Number of protein chains: 2
Amino acid sequence: MSTDTEPGRPVTRIQREKHELILEAALDVFSRYGFRGSTIDQIAEAAGMSKPNLLYYFKSKEDIHAPILARILETWLEPLREMNADGDPLPEIQSYIRRKLEMSRDFPRESRLFANEMLRGAPGFHEVLNTELKELVDEKAAVIKGWMNQGKIARCDPYHLIFSIWATTQHYADFDIQVRAVLGKARGGEGRFEDAARFLDQLFLHGLKPKK
Amino acid sequence: MSTDTEPGRPVTRIQREKHELILEAALDVFSRYGFRGSTIDQIAEAAGMSKPNLLYYFKSKEDIHAPILARILETWLEPLREMNADGDPLPEIQSYIRRKLEMSRDFPRESRLFANEMLRGAPGFHEVLNTELKELVDEKAAVIKGWMNQGKIARCDPYHLIFSIWATTQHYADFDIQVRAVLGKARGGEGRFEDAARFLDQLFLHGLKPKK
DNA sequence: AATTTTTTTGACCGATTGGAAAAATTCTAG
DNA sequence: CTAGAATTTTTCCAATCGGTCAAAAAAATT
């Protein structure tokens, strides 16, 4: 006798597949139109099934959205967690930037979904920002401050440093259309991420002041 | 005999006022939920009037959205237009950054509405990006390149430099909730923009490499 | 093959959506 | 004050929204 008749968590092969299919389609839709701007019909069509069929696997729109968002939050913080206090400061920061940039390249929809949530005021995970995220950033800001005290990197506000890394890297996912439009066909190809990596290395290491 | 019975463009005092009132309310709503996620009812309520009354002034949702977006586009490009090829390179770039940062501080809703449009792929002003915006950026990138050739600023990709300025400054409007959450009550007050300005000056001038 | 379970479909529901139409009201100019 | 214009409200509509339900179809189990 099964105590769980709901297909809540994937059990059978087909359930696992459809769950993944739906989440994939939902990521596509949610990342473009945000939660309110997306419809279940849209997601169902993108997943190649009917709306009632989709609702057999996820019993509400929120139930589709929540797990996607939760997974993104974890993925998003991982690179920062990996920043090692015992490593060489400049290479640590550089590789953090590189990792974040790779995420914008490889998971642009995730980045846009996250941005969409921010734009509407992050309802529902306001708490996560104020606790989990803040604690992590506080910790890493302290690490960076330590590096500054050792004279390993220039003095600056570590919080705004982290913001600037987030901003510059996520820009290539969130404003992808603009970036590609401005770069044009010549420079707008896949090579743009390597160009961006090179530029960000220069910016964060040396800034714009010319070497004399 | 009036040839224009439609209150398309404001004519009377009351029309000018209501137009402005509606656009103001719509900016609030659109900037949070995007075009698709916003409803006319929401905007009407925010403007303190009934939906049919609002539709007397703007005959469709698109008709409210379009002028707002058009105005933002112009406002957004103005600071870049003001970057003067004959000025001192580093101060020119610094004041461009400062101006953009002030816009994030003073017009955060405009920034978020713009970001929302980008996220959904900028339908409707794709052309503007590929022509007007691209031309302006091309022009300014050439100016920056000239500065590099004169040895006035360090060599780097001028396009990605502009992107990084856009990204770092707009971040404070678009991700405002996250920024304030991470900074906490102590550092998250209005002073955060001055802190950001100081940090960005450091970053874009000198980067992170410590002075020896 | 028969039965049970899982998956899919179609028909439907009340609420909300963008918007139209017309009546009712308010304002304004003569 | 009154006629005409401008503004607002009331009522309404078809389409779409998120979601339910029962029946049909397909799989899995026996």
Side-chain angles (χ1 to χ4, degrees), chain A residues 1-26 28-30 32-69 116 120 123-124, chain B residues 1-23 25-26 28-30 32-69 120 123-124:
Chain A
M1 178 170 76
S2 143
T3 55
D4 186 15
T5 51
E6 301 243 341
R9 306 277 147 236
V11 182
T12 69
R13 171 190 53 90
I14 194 163
Q15 275 178 10
R16 263 191 304 275
E17 285 175 4
K18 298 275 164 154
H19 264 257
E20 204 44 53
L21 186 67
I22 291 167
L23 291 175
E24 168 72 16
D28 232 76
V29 176
F30 281 139
R32 263 204 277 278
Y33 303 106
F35 182 76
R36 289 211 39 175
S38 301
T39 73
I40 299 182
D41 280 295
Q42 241 179 320
I43 299 169
E45 197 194 333
M49 63 179 68
S50 67
K51 180 171 60 172
N53 194 184
L54 183 150
L55 285 166
Y56 168 73
Y57 293 101
F58 294 88
K59 68 173 189 292
S60 74
K61 191 176 164 183
E62 182 60 46
D63 277 11
I64 315 171
H65 190 256
I68 298 179
L69 191 56
N116 248 313
R120 63 171 182 143
Chain B
M1 175 171 76
S2 140
T3 56
D4 185 17
T5 51
E6 302 244 341
R9 303 280 148 233
V11 183
T12 69
R13 171 188 54 90
I14 194 162
Q15 275 178 9
R16 263 190 305 275
E17 285 173 6
K18 298 273 167 155
H19 265 255
E20 202 47 50
L21 184 69
I22 291 168
L23 291 175
D28 232 75
V29 176
F30 281 139
R32 263 204 277 280
Y33 303 107
F35 182 75
R36 288 212 40 176
S38 302
T39 72
I40 300 182
D41 279 297
Q42 243 178 318
I43 298 169
E45 198 194 333
M49 64 178 68
S50 67
K51 179 172 59 171
N53 194 185
L54 184 149
L55 284 166
Y56 169 70
Y57 292 101
F58 294 88
K59 68 174 190 289
S60 78
K61 192 175 164 183
E62 183 59 46
D63 277 11
I64 315 171
H65 191 257
I68 298 179
L69 191 58
R120 64 171 182 144

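Chain letters run A, B, ... following the sequence lines, proteins first and then strands; every chain starts at 1. Everything numeric here is computed off the predicted structure, so don't read it as measured data.
- With rounding to whole Å, Asp63(A) atom CG is found 12 Å from dG19(D) atom C1'.
- Distances shorter than 4.0 Å separate none of the side-chain N or O atoms of Asn53(A) from OP1 or OP2 on dT7(C).
- Rounded to an integer number of Å, the gap from CD1 of Ile22(A) to C1' of dT8(C) is 12 Å.
- Note that CD1 of Ile22(A) and OH of Tyr56(A) are 11.0 Å apart. Values are rounded to the nearest 0.5 Å.
- Here the CG-CD1 distance, from Leu23(B) to Ile68(B), works out to 5.0 Å after rounding to the nearest 0.5 Å.
- Here dT6(C) presents its P atom at 7 Å from OH of Tyr56(A), a figure rounded to the nearest Å.
- Across every non-hydrogen atom of Arg120(B) and Phe35(B), the tightest pair is NH2-CB, 3.4 Å.
- The structure places OH of Tyr33(B) at 8.0 Å from OG of Ser38(B), a figure rounded to the nearest 0.5 Å.
- The NE2 atom of His65(B) sits 13 Å away from the P atom of dG19(C) (whole-angstrom rounding).
- For the atom pair His19(B) NE2 and Ile64(B) CD1, the distance stands at 10.5 Å (nearest 0.5 Å).
- Taking 4.5 Å as the limit, some side-chain heavy atom of Leu69(B) sits within range of a side-chain heavy atom of His65(B).
- Across every strand in view, dT30(D) sits in a pair with dA1(C) that passes the Watson-Crick or G-U test at under 3.5 angstrom.
- Nearest approach of Pro67(A) to Glu62(A), heavy atoms of both residues: CD-O, 4.5 Å.
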* To do: Assign a letter to each nucleotide of nucleotides 20-30 of chain D from its 5' end: B, base within under 4.0 Å of a protein heavy atom; S, sugar-phosphate only; -, no contact.
  => BB------S--
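- For Ser60(B), whose side chain is taken as the heavy atoms from C-beta onward, the closest listed nucleotide among dG19(C), dT7(D), dT7(C) is dG19(C).
- OP1 or OP2 of dT9(C) sits under 4.0 Å from a side-chain N or O of Ser50(A).
- When the C1' atom of dG18(D) is taken as reference, atom CD1 of Ile64(A) falls 10 Å away, rounded to whole Å.
- Near DNA chain D, meaning a heavy atom under 4.0 Å away, the residues from residues 33-41 of chain B are Arg36(B).
- For the pair His19(B) NE2 and dA6(D) C1', the computed distance is 13 Å after rounding to whole Å.
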Counting only pairs under 3.5 Å, give me each side-chain donor-acceptor contact of residues 42-55 of chain A, with atom names and distances, residues two or more places apart or in other chains.
unit_1: Gln42(A); atom_1: OE1; unit_2: Thr39(A); atom_2: N; d: 3.2
unit_1: Gln42(A); atom_1: OE1; unit_2: Arg36(B); atom_2: NH1; d: 3.4
unit_1: Ser50(A); atom_1: OG; unit_2: Asn53(A); atom_2: N; d: 3.3

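- In the set dT6(C), dG18(D), dA6(D), the nucleotide with an atom closest to the side chain of Gln15(A) is dT6(C).
- Between Lys18(A) and Phe58(A) there is no side-chain heavy-atom pair separated by less than 4.5 Å.
- Counting to the nearest Å, the P atom of dT8(C) and the CG atom of Leu54(A) are 11 Å from each other.
- Listed candidates were dT8(C), dG18(D), dT9(D). Nearest to the side chain of Lys61(A) is dG18(D).
- The distance between atom OH of Tyr57(A) and atom C1' of dT6(C), rounded to the nearest whole Å, is 8 Å.
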